[in-house]
Amino acid sequence: MKTRVLTGITTTGTPHLGNYAGAIRPAIEASKATDVESFYFLADYHALIKCDDPARIQQSRLEIAATWLAGGLDPQKTTFYRQSDIPEIPELCWLLTCVAAKGLLNRAHAYKASVDQNVAAGEDPDAGVSMGLFSYPVLMAADILMFNANRVPVGRDQIQHVEMARDIGQRFNHLFGQGREFFVMPEAQIAEEVATLPGLDGRKMSKSYDNTIPLFSSSKELKAAIARIVTDSRLPGEAKDADSSHLFTLYKAFASEEQAAHMHADLGAGLAWGEAKQRLFELLDGQLSESRERYHELLARPQDLEDILQAGAVKARQIATPFLAELREAVGLRNFVQVAATGDKKARKVKKAVRTVSFRDDAGFRFRVLNAAGEDILLSVAFADGRAAGQVLKALQAGELELRQEGLQVQALQAGELVAQSDSLADETACQDVLQILQGLAAE
Ligand code: TRP
């Protein structure tokens, strides 16, 4: 079976260079391999957690869809969809919510960060924390487990979430699998080289730090953003330490090994920061201009984008719909008619498994009942002849005998007379089991 690779991108904001280098580009590259099956989706339910501006949500979904396609994602070869087009995902999310330990989610970094901030500000620890934020990792687990992804390319900040998906999936398997592993265990995959790209100020490139370089902006905007990259104050001609410069880190993320080595040496030899920025601009502009053009073409044809994503949803649901049906079945959300049918089957099984034996000993004619394991569970009194014994056995099978528990013994009575009884049983549960089997005999 092919390895399933799955990743989502939260649709808030416009994709920036960090998203591209850290997630989109490696994902698109990986999707070209022949031994993988790729699932890429717009995590627009996740977007709602952080954003209550409908116009921004809508715009961002559109831009991100266009970005992935412009970047070279092939919607024929991959499964490319919007999370919100797959109703099975929130449904699975609820099944998982019911098995996810709250204590596990208390430890999620994103939630803990909010709590820490609140506490530091002297606020209620949960101030401004929605259930969406708190349950974020469960929804992400549903995204991953719905398609039984083997590998999940993510940024470092998401590793914990993938681990939580494993935890939650394992717990579900354990509780409902009955030996079957519904969910495979996903592995987070980090592209070591470019896992997180630094932003203009050297911190991780992120919308929340407002330090991003836009991806498909015009050349002019790209140049302006690069000009704002913070460098140290070494003058032209002074040796610069490339390895401690995030400008170089950015360069390296897009350059060939040879180009990077060249830049490294030139900075050491005193290349001016302004020159270095110009080289970075040329590198990026050269690499991005073609996809930038495709991107703007796609944005101008929203109906085409819509069609592509609808087709992706159909493809995704071909997997999600039957799988969710199995999971619903496993937790007990079953069609009533099927429940009755399974009930019948069980009763038949009991009858088949339970045996009755008529025999004769020194005292007279008797019968006994054996459970599925072949152990005696009931022995009749001795009757004067075989016919009398047979009639009582028939009455037992017809449910006409009174069954009762006396201490740790089960007894069968006919017209107030004891006609059969069990040995002294181990405990209350054993008595209940025997009673149930005997009643099952009657329920044929
Ligand atoms: N939380 C991820 C992020 O912010 C996006 C995401 C949502 C995701 N669901 C996912 C990534 C499932 C991988 C798999 O980057």
Side-chain angles (χ1 to χ4, degrees), residues 3-28 30-31 36-51 57 60-61 64-65 67-68 73 78-86 88-90 92-93 96-97 100 105 108-111 113-114 130 132-169 183-191 194-197 204-209 212 215 312 316 319-320:
T3 302
R4 281 202 182 157
V5 178
L6 173 145
T7 198
I9 182 157
T10 310
T11 53
T12 43
T14 302
H16 55 66
L17 209 60
N19 302 137
Y20 180 70
I24 304 171
R25 186 178 60 182
I28 292 172
S31 77
V36 299
E37 212 181 333
S38 309
F39 294 76
Y40 298 136
F41 68 97
L42 310 180
D44 47 5
Y45 279 139
H46 277 107
L48 296 181
I49 293 168
K50 301 176 194 163
C51 175
I57 293 279
S60 170
R61 293 157 93 225
I64 289 173
T67 300
W68 282 64
L73 186 78
T78 60
T79 306
F80 183 48
Y81 55 98
R82 289 176 291 214
Q83 183 186 33
S84 64
D85 283 336
I86 317 295
E88 288 82 3
I89 290 174
L92 174 58
C93 182
L96 299 178
T97 298
L105 297 174
H109 300 321
Y111 170 64
S114 295
S130 68
L133 175 67
F134 186 70
S135 306
Y136 186 108
V138 190
L139 179 56
M140 187 158 154
D143 293 332
I144 297 170
L145 299 175
M146 182 88 263
F147 298 100
N148 268 329
N150 305 102
R151 272 196 280 134
V152 182
V154 282
R156 289 197 176 281
D157 58 330
Q158 300 292 316
I159 296 176
Q160 187 195 31
H161 292 153
V162 179
E163 280 164 2
M164 287 183 166
R166 297 167 63 97
D167 251 350
I168 297 169
F183 300 125
V184 307
M185 292 298 114
E187 305 272 353
Q189 180 194 344
I190 312 291
V194 287
T196 44
L197 221 52
K204 176 193 166 186
M205 189 180 292
S206 162
K207 295 179 284 268
S208 36
Y209 295 147
T212 63
L215 181 56
I319 295 168

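One-based numbering, in listed order, for ligands and for the atoms of each. Since we're looking at a predicted model, the values are computed, not measured.
For the side chain to side chain contact (heavy atoms under 4.5 Å, CB included) criterion with Q83, the lone passing option out of T11, L42, L139 is L139.
If you number the atoms of ligand 1 from 1 as listed, the ones under 4.0 Å from a heavy atom of T7 come out as 11 (C), 13 (C). Near V154, the atoms of ligand 1 lying under 4.0 angstrom from a non-hydrogen atom of the residue are 11 (C), 13 (C). Less than 4.0 angstrom separates some heavy atom of V152 from each of these atoms of ligand 1: 13 (C), 14 (C). The ligand atoms of ligand 1 that sit less than 4.0 angstrom from a heavy atom of A43 are 7 (C). Each of the following atoms of ligand 1 lies closer than 4.0 Å to a heavy atom of H46: 7 (C), 9 (N).
Aromatic ring centres of Y81 and F41 lie closer together than 6.0 Å.
The side chain of Q158, and not its backbone, has at least one atom closer than 4.0 Å to an atom of ligand 1 (non-hydrogen atoms only; side chain from C-beta on). When heavy-atom distances to ligand 1 are checked against a 4.0 Å cut-off, V162 has no atom that comes that close, whether in backbone or side chain. Residue contacts with ligand 1 for F39 are absent, since no atom lies close enough (heavy atoms, distance under 4.0 Å).
Between the side chains of D44 and S84, a donor-acceptor pair is found at a separation under 3.5 Å. Looking only at atom types and distance, the side chain of T10 has no donor-acceptor partner in the side chain of T12 under 3.5 Å away.
With rounding to the nearest 0.5 Å, the separation of OH in Y20 from CD1 in I9 is 12.0 Å. Separating the CG atom in N150 from the CG atom in N148 is a distance of 7.5 Å, to the nearest 0.5 Å.
Nearest non-hydrogen protein atom to atom 6 (C) of ligand 1 is G8 O, 3.7 Å. Nearest non-hydrogen protein atom to atom 1 (N) of ligand 1 is Y136 OH, 2.6 Å.
Distance alone, capped at 3.5 Å, places no donor-acceptor pair between the Y45 side chain and the P90 backbone.
Salt-bridge annotation for R4 and E37: present, with a side-chain N of the basic residue lying under 4.0 Å from a carboxylate O of the acidic one.
Checking only distances, K50 never comes within under 3.5 Å of ligand 1, N or O to N or O. Residue contacts with ligand 1: D143 is placed with a nitrogen or oxygen under 3.5 Å of a nitrogen or oxygen of the ligand (distance criterion only).
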